[in-house]
Each structure stands twice: as structure tokens, then as C-alpha cells.
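Accompanying notes for the structure given below.
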Amino acid sequence: MFSLSDLNAEQKEVVTITDGPVLVLAGAGSGKTKALTYRIAYLISEKKIAPEKILAITFTNKAAGEMKERVANLTKNVKNLPVMGTFHSVCARILRREAPRLGYSANFVIYDEDDAKKVIKKVMARLGLSDKKLPVQTAKSLISSAKNELIGPDEYANYAESFREKSVLDIYTAYQKELQKNDALDFDDLLMLTVKVFEKFPDVLDYYQRIWHFLLIDEYQDTNHAQYMFAKLLSEKHQNICVVGDDAQAIYSWRGANFQNILDFEKDWPKAKVIRLEKNYRSTKLILSAAQSVIERNTERTKKILWTDNESGKPIEIYEAASEEDEASFVARKAEEIRASDGRLGEVAGFYRTNAQSRAIEEQLLNMHIPYKIVGGVRFYERKEIKDVLAWLRVASGVSDWVAFERSLLNPPSGVGRITAERLQAYAEKNNLTIKGLANDKNLAKSVGTRVVQPLTEYFRKIKKIKRLAGESVSSAVEYAIKTSGLVEHLSDGTFENEERIENLWELLSVVKELETTKKNLTLEAFLEEVALLSDIDNYNESDEGLTLMTLHTSKGLEYDYVFIVGLEENIFPHSRSLLDMQQLEEERRLFYVGITRAKKELTLIYARRRLYFGGIQYNQPSRFIAEIPENLFLFVGKTEKKDIAENSKVLFAGEFTPGDEVEHEFFGKGKIIEIVDDEITADFNVYGKKTVSIHYAPIKKL
């Protein structure tokens with residue numbers, strides 16, 4: 001028997017209670033992966049369960065690979081291991097056998113995101129639908145959401161009412177037919193069709209229930225409806241389902257995840273044994289206390305109280321920056337201090353709410369020659385949307401930059417395709433023309449055809465205006481390029497990813513405006529050179545150790561000795577999108593909790609009094625999340641005091657609120673208070689109905 005001596009009492013329960021449904025509520029840093037792998041090894045080595053009767057599901061291939069390695073080491077058997085993989089890989093494995101029942105061959109091809117969008121674009125063209133009215137990405141996202149909810153084209157017809165919904169129905173129907181014609185499945189089909197084959201063919205479900213007697217699922221709070229149904233159906237026969245997760249780290253609702261799945265586990269499985277892993281092995285006592293104080297503000301959560309044997313540690317540091325440059329400079333200086341004393345930049349991480357916030361920090365790190373790497377993203381000036389708008393500026397600067405010319409013609413689509421762009425360059429070379437000369441050429445239509453003359457004329461008109469505006473100020477030229485290039489419209493499809501790309505475009509405008517304050521008479525050419533130099537200097541070997549930058553969403557599952565969380569201001573973190581929706585606000589708080597619990601030794605929280613953000617100066621209040629940390633847990637390293645944050649992060653109200661009061665909310669309008677619980681008001685608003693808001697932060701007044 002392998003030893004369980006290095007497991008705590010609760011971890012041993014996870015390992016040894018093997019029969020029936022088990023819910024493991026695993027707090028941050030509580031050793032859940034260790035418990036999960038020991039459970040698999042225990043089933044094999046001690047309970048003598050054949051490995052092929054065990055199915056373990058994780059959310060990444062990397063996690064699955066690590067789990068296999070650990071189980072192999074524990075069981076001393078690398079050849080005979082259980083099936084361990086992601087939902088998608090397991091479902092693909094099932095469908096290789098069962099797909100013919102649904103009209104596909106066993107050798108179906110799996111389309112990635114780009115493949116899927118190409119098919120959607122093709123069927124939209126066939127249906128006569130313009131991607132200007134309904135962007136391809138929007139159609140793809142809506143179809144993906146439907147599939148995650150197990151809604152096929154036939155069922156979607158019951159929901160389609162508006163023009164857009166009916167359009168998506170037509171696209172969805174044609175898209176699925178096209179996929180089947182090509183013997184192809186997209187990623188969402190892997191999940192949806194597996195559940196479909198389970199439901200439609202009881203013998204298939206029975207077959208896999210007889211194969212897999214034990215099901216283990218990690219990160220259960222991140223499952224969507226299709227994944228939930230897969231697990232429920234597969235476990236109905238033996239009921240040996242063990243799910244591990246932490247509702248306090250549920251931060252992916254925008255990806256379709258439904259953390260209600262973990263909250264409702266006991267309803268689905270009334271006989272479930274609930275085990276709480278509350279001992280934290282990662283963070284200091286002070287950091288853990290701060291995290292606990294914050295997450296307890298959420299109403300939708302399971303009860304867990306994390307604790308640790310680790311040292312108390314240093315107080316959390318809070319710094320009030322004058323601006324985003326001061327914020328970035330502070331992070332860089334602190335990183336330099338850590339490197340000098342500790343020598344390990346690899347244990348330093350900076351987290352932010354949106355990718356656009358990395359720009360100022362990157363520049364400071366570059367200026368101070370501090371190596372860094374970005375996880376889950378690319379460097380600011382290497383992001384596609386930034387390179388797209390820079391291409392417009394490069395053409396406008398007057399140089400014959402044919403790479404920029406082709407990129408700006410194609411991004412966003414202008415009616416001029418890649419082949420035509422190549423023909424234009426060949427024509428210019430043959431006739432010894434610059435890009436400017438090409439714009440004024442009278443014989444262009446004869447060479448490339450009359451069809452492209454109009455879009456080319458419009459393109460060159462915009463380029464000329466960018467050039468003219470740059471003579472007045474570079475920022476006005478950049479703003480015009482962002483607005484009239486069509487990039488914003490092209491990216492405005494409502495998806496989370498493209499909203500961030502739009503934010504990055506406006507952050508570029510912030511860069512220029514800031515440069516104009518420090519460099520008088522800034523020219524377009526000087527700005528482009530500045531950008532080029534920044535990109536060139538940032539040339540380090542990614543295998544080298546360096547400070548890590550990433551969004552808070554990307555940070556889940558990672559840990560660092562030293563963590564900086566920047567941009568802790570209202571409208572930034574919590575994000576402005578969440579301020580009028582209590583559920584979204586609670587997810588923002590969970591995201592903050594995730595950020596805090598990544599820190600092992602030291603945590604620093606930073607907010608700025610003034611921030612140049614998306615092209616405009618913002619004076620946001622400090623984040624409410626800072627005020628939710630008890631003052632005995634932190635230390636100010638700036639001039640601000642706790643009471644200043646508490647006062648700045650709320651609106652002071654005259655008078656008291658009581659049920660029955662008539663009130664007016666800045667967004668929801670007039671209504672009547674129904675209930676007051678602690679600092680939250682529930683009111684029935686005339687137009688928007690029942691809403692719950694916090695009296696500390698809501699723009700609400702008594703009439």
C-alpha cells in the first residue's frame with residue numbers, strides 16, 4: 001500500500017471515500033490536484049479497480065498530462081492507466097465509435113475556430129446575409145452558445161423571434177448541413193453530439209456506463225450545460241461521481257460556464273458526501289484573511305473558511321499612484337528591489353483586468369531593462385489589432401511600406417482582396433510608382449479592374465486625411481484612423497475577446513496623448529519610430545526568467561511569491577460592465593479573490609488617482625474591493641489612509657432608507673424599496689423590475 005501519511009484528514013477522505021457521489025469543495029491552494037491523483041491511485045492499488053473502469057476529466061491537456069504522470073508514479077505503472085483527458089478529447093474518443101449513428105463517419109474531421117468561421121462566412125454569402133449587419137464572429141458565438149446549451153437548429157427555431165435570431169437560425173441550419181456534408185464537427189459539436197447520442201441511443205449510454213464505473217471531474221465550477229449533462233448521464237448507473245471545484249473561483253461565465261452546477265450538486269445527488277478542503281498550503285495568514293474577507297461579501301457561494309499553518313507574513317501593501325505611469329513605475333521599482341534582494345524575477349507577477357493595461361507596465365520594464373514575459377497574450381504592440389491600425393499610420397506617413405499597405409487594405413476587409421493587393425503592388429513596381437503615386441494613377445482601373453476602384457478611392461481618401469490630421473496632432477490622426485478604418489465596427493460583435501481588442505485600440509490613443517504631453521511637436525514619423533524601438537528592444541529569450549504579466553482570468557491555477565494587482569479602480573476593476581448587475585459584480589469579486597490567492601508571500605494592490613484610459617482621462621474612485629479588506633491586514637506605502645479609501649469608494653447619502661421609500665436610480669429610474677439587507681437595497685423599479693443594488697456604491701437617492 002502506498003502511504004497516505006502526507007495527506008491531511010480531509011484529503012484522506014477524498015481519497016478513501018470511493019463509493020457514491022462525492023463533492024469536493026477545494027479552496028485555493030488546498031492541494032486538490034494531489035488529493036485527486038491519490039484518489040485515482042487508491043482506486044487502482046487498494047480497491048483493485050481496473051484502470052479502464054476509471055475516467056478522469058480535466059480542463060486542459062497540460063493538467064491531464066500532469067495527472068497521468070503523477071498517477072503513474074504512485075501506481076508504479078506507466079502502461080495501464082485510466083482514461084484521463086479533457087471533455088473534448090474524451091467526447092472525440094466516444095464519437096469515433098458512435099458518430100455513424102448520427103450520419104457522420106468514424107473518420108470525421110474536427111474544425112477549429114477559423115475553419116468554422118470560414119464555413120459560416122460561406123453559408124452567409126449563400127444566404128445573401130451581409131457580415132456588416134451580422135458579423136461572422138457574432139454568428140459563430142451565438143451558435144456556440146446554443147450548442148453549449150444543447151440547443152440544435154430545430155430547437156433554436158423555438159427561440160428565434162428577432163431578425164438577428166431568425167438570421168442566425170438560417171445560418172445555424174445551413175452551417176450544420178455544410179458540416180455534415182464535409183463530414184466535419186466543430187469543437188462544440190464534440191460535446192453536444194456526445195450527449196445527443198447518449199440520449200437518443202440508450203444502448204450506447206449503457207455501453208459507456210458499463211465501461212466507466214468511476215468518474216472524476218476537476219474544476220467542476222467551470223462546466224457548461226453540455227458538460228454537466230455528459231457527467232450526469234454517464235454517472236446515473238453507478239453514481240460513483242467525484243467532482244472537485246471551488247465556486248469562489250468561478251470566473252468564466254462569459255465563456256458559457258455555469259457555476260450553479262457546483263452549487264446544485266447536492267440537489268442532483270442527494271446522497272452526496274461533501275468534503276471541504278480548507279487548509280491552504282500556499283499563502284500567508286494575512287493574505288488568506290484578506291481573501292476570505294473579500295469573498296464573504298458574495299451571497300451566491302458555498303461556505304468555506306480557509307486557514308493555514310504558514311507564517312503570518314507581511315501586511316498587504318496598498319499604493320495610491322498618481323497615474324498609470326506612476327503605477328507602472330512603482331511595479332518596476334519594486335520588481336528591481338525584489339531582484340536585488342531575492343534574485344528571482346520568475347516569482348514575481350503583475351495582474352490586470354484587461355490586456356490594454358499591460359502597455360504602461362511593459363514600457364517601464366523595458367526602460368529599466370527588467371526582463372518580462374506575457375502569459376495568455378502577446379505584447380501590446382504585437383497584438384493584431386494594434387498592428388492593424390499601425391499599418392494605416394505607416395502608409396499615411398508617406399513611405400512606400402507595401403507590407404503595411406496590404407495589411408491596411410485587408411484589415412478590416414475593404415472590398416479589395418489579397419490577390420488584388422498583390423496585383424496592385426506588381427503594377428506599381430512595373431510602373432515605378434510609390435504608394436502615393438499609385439493613389440494618383442489614372443490608368444489603375446485598366447490594370448486591376450473597375451470593381452476595386454471605388455473601395456481603393458475611399459481607402460486613399462482616408463489615408464490622405466490621416467496624413468493631413470497628423471500635421472495638426474498625432475493623436476487626432478490616430479483617433480481618426482481608429483474610427484474610420486472600420487476596425488472598431490469590424491470588432492463590434494459583442495464577444496468578450498473583441499471587446500478587449502477594441503479597448504486595446506483606444507489604449508493606443510492613450511499612448512499617443514501621453515507622448516504628446518512629454519514630447520512637444522510630436523510627429524507621426526517620430527511616434528512610429530518610438531513604437532518600433534519599443535518592439536525591437538523587447539527581444540529576450542522566453543526561456544529566461546523574468547517578471548510575468550497576465551490578466552486576472554489567465555492567472556487561475558498559478559502561484560507566485562510576489563503578486564501585484566494593478567488598476568484597482570471602479571469602472572476598471574470591477575469592470576464598468578458589472579456595476580449594474582449583482583451577479584456580474586459577484587463574479588468580479590471572485591476574480592479579485594483569484595488574484596489575491598495567487599500570492600504566496602507578498603501582495604501589493606495599486607490604484608491610480610488619474611488614468612489615461614481608452615483615449616480619455618478618467619478620475620475613478622478606488623475599487624470597492626480594497627475597502628472590503630480589514631485595515632489590520634494592510635499597510636499603505638503611499639499617503640492615502642484607509643478612511644480615505646472608504647470615503648472615496650462610496651457615495652454618501654443623506655437620510656436613511658427604509659422599505660416602502662420611493663427612490664430613483666441613475667440607470668434603473670424610479671422605483672420603490674421592497675427590502676433592505678445589510679448594505680443592499682432590493683427595489684421594484686417601474687421599467688426594469690426587481691433589482692438589488694448596494695447603497696454604498698449605487699447612484700441611488702430617496703425621493
Run the side-chain contact (heavy atoms from CB on, under 4.5 Å) check on Phe634 and Leu605 step by step: do they pass? CA-CA 10 Å; Phe634 58 73; Leu605 309 176; over 6 Å; no
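- Listed by first and then second residue, the salt bridge (charged side-chain N to carboxylate O under 4.0 Å, His left out) pairs that reach into residues 23-33 are Lys32-Asp218, Lys32-Glu219, sequence neighbours excluded.
- Checked against the 6.0 Å centroid threshold, Tyr220 and Tyr228 do not count as a close aromatic pair.
- Closest approach of Ala26 and Val244 over heavy atoms only: CB-CG1, 4.0 Å.
- The stretch residues 584-604 participates, sequence neighbours left out, in these ring-ring contact (aromatic ring centres under 6.0 Å, His included) pairs: Phe573-Phe592, Phe592-Phe625.
- Across all their heavy atoms, Ala28 and Leu306 have their closest contact at N-CD1, 3.9 Å.
- Evaluation of the side-chain hydrogen bond (donor to acceptor under 3.5 Å, both in side chains) rule for Ser329 yields Arg333 as partners, not counting sequence neighbours.
- A centroid separation of 6.0 Å or more is found between the aromatic rings of Tyr562 and Tyr560.
- Within a 6.0 Å radius of CD in Glu497, other residues, nucleotides and ligands contribute more than 12 heavy atoms.
- Between Leu603 and Ile596 there is a side-chain heavy-atom pair separated by less than 4.5 Å.
- Defined by atom type and a distance below 3.5 Å, a donor-acceptor pair is present between the side-chain atoms of Arg501 and Asn498.
- Residues Asn280 and Asn310 come closest through the heavy atom pair O-ND2, 4.2 Å.
- The only option from Glu325, Glu507, Glu569 that meets the salt bridge (charged side-chain N to carboxylate O under 4.0 Å, His left out) definition with Arg611 turns out to be Glu569.
- In this structure, Gln583 places its CD atom where only 12 or fewer heavy-atom neighbours from other residues, nucleotides or ligands lie under 6.0 Å away.
- Residues Leu579 and Arg624 are in side-chain contact: their nearest non-hydrogen atoms beyond the backbone lie under 4.5 Å apart.
- Side-chain atoms of Ser144 and Ser141 include no donor-acceptor pair closer than 3.5 Å.
- Annotation: side chain of Arg39 is in contact with side chain of Val22 (closest heavy-atom distance under 4.5 Å).
- The 12-atom threshold is not exceeded at NZ of Lys314, counting heavy atoms of other residues, nucleotides or ligands nearer than 6.0 Å.
- You'll find the side chain of Ile606 reaches within 4.5 Å of the side chain of Val331, heavy atoms only.
- Shortest non-hydrogen contact noted between Ile370 and Ala332 is CD1-O, 3.3 Å.
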